[in-house]
2 protein chains.
Amino acid sequence: MKISELSRTTGVPVASIKYFRREGLLPAGRATAATLAEYGDEHVQRLRLIKALTTLGGLSIAATREVLTAVDRADSADGTLKAISYALPVPVAQAPAVDEDEEARAGAAAAADVAGLVAAMDWRIPATSPHVRGLTTALRELRRLDADYRPERLVAYAELARSIARLDLERAAAFEDAPSLAEQAVVVLALSGPMLELLRRLAQEDLVRRRTTFEDSEDVGADAPA
Amino acid sequence: MKISELSRTTGVPVASIKYFRREGLLPAGRATAATLAEYGDEHVQRLRLIKALTTLGGLSIAATREVLTAVDRADSADGTLKAISYALPVPVAQAPAVDEDEEARAGAAAAADVAGLVAAMDWRIPATSPHVRGLTTALRELRRLDADYRPERLVAYAELARSIARLDLERAAAFEDAPSLAEQAVVVLALSGPMLELLRRLAQEDLVRRRTTFEDSEDVGADAPA
DNA sequence: CGTAACTCGATACTGTCACTATCTAGCACT
DNA sequence: AGTGCTAGATAGTGACAGTATCGAGTTACG
């Protein structure tokens, strides 16, 4: 398959394919001459994966490269899962410190919250996990906003998160023996998040709608404002 | 409070404060002269909210403006929730069509999946909801990747999403009568997502670790102190 | 064989985003 | 009166994700 055909079958412009090659997301084609290379199904598959991770998963090119590297290094099923999980970007930007003292106090309180949660859930997770750090940052900011961060609520969310994680791993396990395990695992781990977020929004929308049946019936089943 | 003080108490550079003003995220100070304005606590609060939405929530400046506009227009509690819910960006980028025929077929299949899900969940949601469109896009791409998109699994996720949404609304309801309802609602709706994602990752990490107790014990429990 | 169409890899350019810096004035406090 | 701060406008920056162009080589068709 020539690059133009690869472009046609995937819908990705030739220039972008070259860009992904440069960035190391896509292996080079098998060169048949100085100015000609042959691409195969694996390139089609890889391009689809790249598209999914960037457009659906919202990953940057750099993050996508990390994830794909983990995919390519994959050996054992569980090792793959862990590698991918760590390669995925943490969805909370690390804000720099604002005020020394206040920062330290709020940070310590948030860290205690997280530690308490991890203990309550009996999670065996090192304090160095990027996700722990991300959660600590998130709680620190929520605390600053006087938002509701009480441990009981956190635990309630965490329990549900655990149920979801179980579903995720069940889904990934279904591909345990497939050669495409790593790719499927990536899809599961990276794309479940956005999907779940959508489902949560839909559920919210439904619940809110049910509470407001009388005061506005304008857009149930009908239109939406531009 | 002068702009320099506002900057100091919030940790946001003066230039950024001016930028947020230009972009309409922050109301102007009360002008006391042609080149002097007075800022108050509401500006501090608003800046905190902006920071939270952009860094934690990952919202763009434009999206943040939408959300804040909804906050400012807020009247009834439920109306606010709905407005904010719709102002939040949908976490799935709308990919343009690749192939006419194939696109139409896959799109129709995905749309059917979503319709089935909405029916199964008894959700009262118009088909024009941005979230419905986003979910349709997501399923279309997952389908293209031969991922697991079976209705049973979707329903399982959706049930959990509903439980989470209930927690969200409970949290928001706690502020029903507070003057800061809209702001708290924003925090709940916009920032629960990233937090939940973090919790899900932690739960995944824990589950994976428990399945691999023997092959790597390097980082269970003990860890390098920062 | 000739040539038009295609390809490779390198380099340069473009548009968007979120700031950040600079500039011209005009106060305001001492 | 002078120093320091301010407002608002405009311009510049750096990162990101492509997109476009170019020179040189290749190849399929007539």
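This structure is a prediction, so every number in the text was calculated from the model and none was measured. Naming convention: chains lettered A, B, ... in sequence-line order (proteins, then strands); numbering from 1 in each chain. Every heavy atom of this structure was used, including side-chain atoms; hydrogens, water molecules and symmetry mates were not.
Separating the OH atom of A:Y19 from the C1' atom of D:dA15 is a distance of 11 Å, rounded to the nearest angstrom. Rounding to whole angstrom units, NZ of residue B:K18 and P of C:dT22 are separated by 12 Å. Put simply, CD on B:E5 is 14 Å from C1' on C:dA28, counting in whole angstrom units. Going from atom CZ of B:R22 over to atom P of C:dC19 covers 11 Å, rounded to whole Å. For the pair A:H43 NE2 and C:dC8 P, the interatomic distance rounds to 10 Å; values are reported in whole Å.
Across C:dA28, D:dA7, D:dG8, the shortest atom-to-atom separation from the side chain of B:I3 is found for D:dA7. Out of C:dA28, D:dG25, D:dT6, the shortest distance to the side chain of B:S4 is found at D:dT6. Among D:dT19, D:dG8, C:dG26, the nucleotide with an atom closest to any side-chain atom of A:S16 is D:dT19. You'll find that the side chain of A:R21 is closest to C:dG9, out of C:dG9, C:dT7, C:dC27. Distance from the side chain of A:A34 is smallest for D:dT26 among the nucleotides C:dA18, D:dT26, C:dC6.
The phosphate of C:dC17 has neither OP1 nor OP2 within less than 4.0 Å of any side-chain N or O from B:S60.
Using a 4.0 Å heavy-atom distance criterion, A:A31 is classed as making no nucleic acid contact.
Taking the charged nitrogens against the carboxylate oxygens, A:K2 and A:E5 have no contact shorter than 4.0 Å, which rules out a salt bridge. Contact check on A:R48 versus B:D146 returns no salt bridge, with no Lys/Arg side-chain nitrogen under 4.0 Å from an Asp/Glu carboxylate oxygen.
Along DNA chain C, the nucleotide nearest to A:A28 and the one nearest to B:A62 differ in position, and the one closer to the 5' end is contacted by A:A28. Residue-to-nucleotide proximity on DNA chain C shows that, of B:I61 and B:L36, the 5′-proximal contact is made by B:I61.
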